[in-house]
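This structure is in structure tokens; I'll ask about it shortly.
As the structure is a computational prediction, the values presented were derived from the model and not from experiment. Quick note on labels: first sequence line is chain A, next is B, and so on, each numbered from 1.
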Amino acid sequence: MEKKNLTCIGCPMGCQITVEFEGEEVFSVTGNTCAIGDKYARQEVTHPERTVTSTIIVTGGDKERCSVKTKGNIPKEKIFACMDAINHVKAPAPVRIGDIVIENVCGTGVDVVATKNVSL
Amino acid sequence: MAARNSYDIVIVGGGPAGLAAAVAAKKAGTDSILIIERDKELGGILNQCIHNGFGLHTFKEELTGPEYAYRFIEQVYDLGIEYKLDTMVMDISRDKVVTAMNRTEGMFQIQASAVILAMGCRERPRGALNIPGYRPAGIYSAGTAQRLVNMEGYMPGREVVILGSGDIGLIMARRMTFEGAIVKVVAELMPFSGGLKRNIVQCLDDYGIPLKLSHTIVDIEGKERVTAVTIAEVGPDMKPIPGTEERYTCDTLLLSTGLIPENELSRGAGVEMNAVTSGPIVNEILETSIPGVFACGNVLHVHDLVDYVSEEATRAGTNAANYVQNGCADEKSGTDIQLVATEGARYTVPSTINVSRMEDNLTVRFRVGAVYKDSYVSVFFDDERVQHRKKRIMAPGEMEQIIIQKKKLADYPDLRTITVKIEAE
Amino acid sequence: MYDVIIIGAGVTGSAVARELSRYKLNVCVLDKEEDVCCGTSKANSAIVHAGFDAAAGSLMARFNVRGNEMMDDISRDLDVPFKRNGAMVVCINESEKDGLQELYDRGIANGVKGMQILTREEALEKEPNLSENVVAALYAPTSGIICPFILNIAMAENANANGVEFFFNTEVEAITPAVCGRSGDPIWKLRTNNGEYKAKYVVNAAGVYADVFHNMVSADKIHITPRRGDYCLLDKSAGNHVSHTIFPQPTKFGKGVLVAPTVHGNLIVGPTAVDIEDREGNNTTAAGIGDLIAKAGDHVRNLPIRQVITSFAGLRAHEDGHEFIIGEVKDAPHFIDCAGMESPGLASSPAVGEYVGAMLREKMGLEEKEEWIGTRKGILNPANLSIEERNELIKKEPAYGRIICRCEMITEGEIIDAIHRPLGARSLDGIKRRTRAGMGRCQAGFCSPRSMEIINRELGIAMEKITKLGGDSKMVLERTKGGAQ
């Protein structure tokens, strides 16, 4: 059985939560003071996920960088692989908000999309 | 000279506050609106806030800063609202003559019927903090670094120490990490962080970056470029405790130590200021001491959520439109009720309420001065306690609000003062 | 081979350079920094002292009073912001009142004009924010405030415009006497990191390093101590707190912590006085700033010390005898010292230039150039123009329509001028000292990325090579995304 201490992000309380779990199975969540903490802790120890935001190189546009994000959350352990993929993108201008710049990044099933318009 | 030299509403600043105010004023029926923005695009500081988490209240989804800004920019386009970019407002006079300048039109003056102040805020620089040491390259405010990294595409450094745990500093800790830098420590003078819990977890804890509360910087080394900084723990008197010094080699120091509303123009116009917020004193319609001059967003008081900026600016825009459409007349009657923040509450926005002009449910925003757990937000109508709401936690970093109902005030015709305070029980 | 090499492009070296530029002469200035005005000249009180402080009969007294007299012409000819705001030495202790009379008498002996001893009432009438405890004050109307950067830069620019060469990033490592192969005359050889320079005469205006160079050529050693002074600069909103330069009564440790308006409308408080070893040790210290904050209110009431926008430290070149050493070194002919240039060195600089110029004219039998131009126009400040004039300017030069520094309202046009004029700026601090961009309350947070773009465009220096103050002081280290374009 594993034991993990987390700080809840649900509200400014920042409850210190202890989760006991093994693999996908959570045995106990303690230290939280509301249901949000319980839900957060279970998700965080079994499937921690994050949205990654960064920038890509744009060529031939009115800006040299364009901001991007993963369209949804990706597994936390894939953040740096995702960053690496993002760092290798060179998109020609124009770029529009929502344009897919990487499909299915690192096999997560999530696309990386532009969050800013770059004109020619 | 400009093609036109008078507008019903001139909005100073094309960031989130200015954009929302413009959209609201237009929707409220005023057509003659001009936004003046000093940067090369609309959107203000949101353009460099490429992280997500914006818009949950306004759009019920999580957007990045540029996306959030674009939702409003699109409306400005669609509604045909005029704007000028790369244009600096140099002066606003008491009688609402706005003097501005740009490369193509030179210096020009515009007579406005109403002015909306939406200039935002700026970061507190190192100098204001009296941090001792050398003055080499490599010391940036977090926001300047954010612009360099996110918009211009340059890395200010590779080994980073951050002073201050404001949200921009936390966000930049993660951004610099993503771009390959090593963030060694975040030092925070106060015994609590001014940033959101979510940012502490997802920007620091996720990457093993230590947050040292009650710590400050006591030395900066490096004559050309930063080579090291020393931090030390501070006692209850905020003075460094000898013997607690820790030295970190680094090439960059980022400062995220607070935001200051940017009110040079407001002061120049003669607007009365609130010493606590460093923003204008406003009444229930977000109007400053000068009739027809309104303020909203971070120029009024520093917000932590852009959604609240948009909401506040929408009110300012609507109220400015009403003011213009009512022939710029001050249509209030009766006396103003004073709002007083005390015992834990640091300030309120607005500062006064005139019942004849107020909305049915007026949102009054305030901040607390320290962390309060299981305490009460209490509202007193003169000496009578009329609201007493328990909050599990309140922190200086998070804005609080109360609602004052117009119909309730009808029961208190002689009310002079509404007091907001924090009570233990 | 130069006729004269001046070591140091600070205010003293630049003053000498300008005076020598009058003559048919081959002159150059060497400085180890990337720009003029990088040492003591850039970090001081910016006061043109009246001259009552220095001991009667001293060189300090003589050059101070003469330099002060010259400052009206200099500031007019070279377009340097200067104002005679007057100084007050404030006595807050009945028992120390005699000290004011002593200062007054010394001032008279030194030739200071217009001084008065004021009663408490008179003093408070002139300066309402003086301490409640004021007993009396010495008033010296000839004391002034100046922009120390522009005084230094203007003299250097003017010297350069009249033919004096400047070599930066050039550090003198050794000075040896030699004989000219052609004429057989004695010369000086200066070994630097940028090769060897030779000259018939050397002027040593090296600030806190002046003893090092002096001691390379003379057996009669001198010793200079870097005396560090911390300062706080307050926001322009505090700039009117006092209108005169307010001094405490001097002690054996110096003139004490002054409070003064600056010529640009800020308020300056300082300096402390700490003797150190490191000649580059211009770091502020917590103790120093704490000391300033504690002392600043002694003579001025309600000082808004929380309005600090920056703090900095400067090093005074304190010579053991607390006296200027100016003149030819006895056992090193043709080697001219301008050493020990601590306060009142800024005020004295034009007089030191005049003196050294006259001395060399005599010794070298110099002839004046017919074409010498003694005036210099500063960077145009559009804020002084009417709207109509400003628009004329912007029509011709649109860059004057774009504000780069929001705090000081400095335009792109001014920055471009600062870059392209003689001895132009190459770094952010160079731009700052010439235009004030970055000197305001946000301390360059807003304008640095914008100023960097202008340097990049105007000088073709890659963004990653742009520095704050030369050397390794790079502003950014690389592009994101692995350095790719």
Notebook entry, point to check: Using non-hydrogen atoms only, which part of B/T177 is less than 4.5 Å away from chain A: side chain, backbone, both, or neither?
Noted result: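 Contact with chain A: backbone and side chain both.
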Item checked: Contact origin within B/R175 toward chain A - heavy atom pairs under 4.5 Å ->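 B/R175 touches chain A through side-chain heavy atoms alone.
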Next item on the list: Check each atom of B/N199 against the heavy atoms of chain A and say whether the ones under 4.5 Å are side chain, backbone, both or neither.
Entry: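 Contact with chain A involves no heavy atom of B/N199 at all.
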Check: To the nearest 0.5 Å, how far apart are CZ in B/R198 and OG1 in A/T7?
Finding: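 So the CZ of B/R198 and the OG1 of A/T7 are separated by 15.0 Å.
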Checklist line | Short N-O contact, A/K69 and B/E62, less than 4.0 angstrom | finding: no
Checklist line | side-chain contact (heavy atoms from CB on, under 4.5 Å) assessment of B/E41 paired with A/K63 | finding: CA-CA 11 Å; B/E41 57 185 342; A/K63 302 175 185 75; 3.4 Å; yes
Notebook entry, point to check: So which part of B/Y207 gets closer than 4.5 Å to some heavy atom of chain A, the side chain, the backbone, both or neither?
Noted result: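 Side chain only.
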Margin query: Heavy-atom cut-off 4.5 Å, strictly under: side chain, backbone, both or neither for A/N117 against chain B?
Written below: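 The side chain, not the backbone.
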Checklist line | Heavy-atom check, side chain of A/R50 versus side chain of B/R174, under 4.5 Å | finding: no
Note to self: Atom NZ of residue position A/K3 - does it have more than 12 heavy atoms of other residues, nucleotides or ligands inside 6.0 Å?
What the structure shows: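 No - once you tally the heavy atoms of other residues, nucleotides and ligands closer than 6.0 Å, there are 12 at most.
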Next item on the list: Please report the shortest heavy-atom distance between B/G153 and A/R65, naming the atom on each side.
Entry: CA-CG, 3.7 Å
Item checked: Interface residue of largest heavy-atom contact number with chain A, from B/M394, B/Q202, B/H51, B/E152, under 4.5 Å ->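 Most heavy-atom pairs under 4.5 Å with chain A: B/Q202.
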Notebook entry, point to check: Counting heavy-atom pairs under 4.5 Å to chain B, which of A/I79, A/T53, A/T55, A/N87 comes out on top?
Noted result: A/T53
Note to self: A quick test of your reading: do over 12 heavy atoms of other residues, nucleotides or ligands sit less than 6.0 Å from CG of B/L213?
What the structure shows: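 It does: B/L213 CG has more than 12 such atoms within range.
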Note to self: Return the OH to OG1 distance between B/Y68 and A/T115, rounded to the nearest 0.5 Å.
What the structure shows: 15.5 Å
Notebook entry, point to check: Step by step, would you call A/S54 with B/E179 a side chain to side chain donor-acceptor pair (under 3.5 Å)?
Noted result: CA-CA 8 Å; A/S54 185; B/E179 294 297 336; 3.2 Å; yes
Check: At a heavy-atom separation under 4.5 Å, does B/M151 approach chain A through its side chain, its backbone, both, or neither?
Finding: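 Contact with chain A is through the backbone of B/M151 alone.
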Checklist line | chain A contact via B/N52 - which portion, at a heavy-atom distance below 4.5 Å | finding: both
Notebook entry, point to check: Are more than 12 heavy atoms from other residues, nucleotides or ligands located less than 6.0 Å from atom NE2 of A/H88?
Noted result: no
Check: Should we say atom NZ of B/K184 is surrounded by more than 12 heavy atoms from elsewhere, each under 6.0 Å from it?
Finding: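 More than 12 within 6.0 Å, yes.
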Checklist line | Heavy-atom closest pair, residues B/Y70 and A/R96 | finding: OH-NH2, 3.5 Å
Item checked: Side chain, backbone, both or neither of A/C66 within contact of chain B (heavy atoms, under 4.5 Å) ->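 Answer is neither: A/C66 stays 4.5 Å or more from chain B.
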Check: NZ/A/K116 to CG/B/L46 distance, rounded to the nearest 0.5 angstrom?
Finding: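 So the NZ of A/K116 and the CG of B/L46 are separated by 9.5 Å.
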Check: For B/E67, is it the side chain, the backbone, both, or neither that has a heavy atom closer than 4.5 Å to a heavy atom of chain A?
Finding: both
Checklist line | B/R392 versus A/C15, closest heavy-atom pair with distance | finding: NH2-SG, 4.3 Å
Checklist line | Value rounded to 0.5 Å, distance of CD1 in A/I9 from CD1 in B/I200 | finding: 11.5 Å
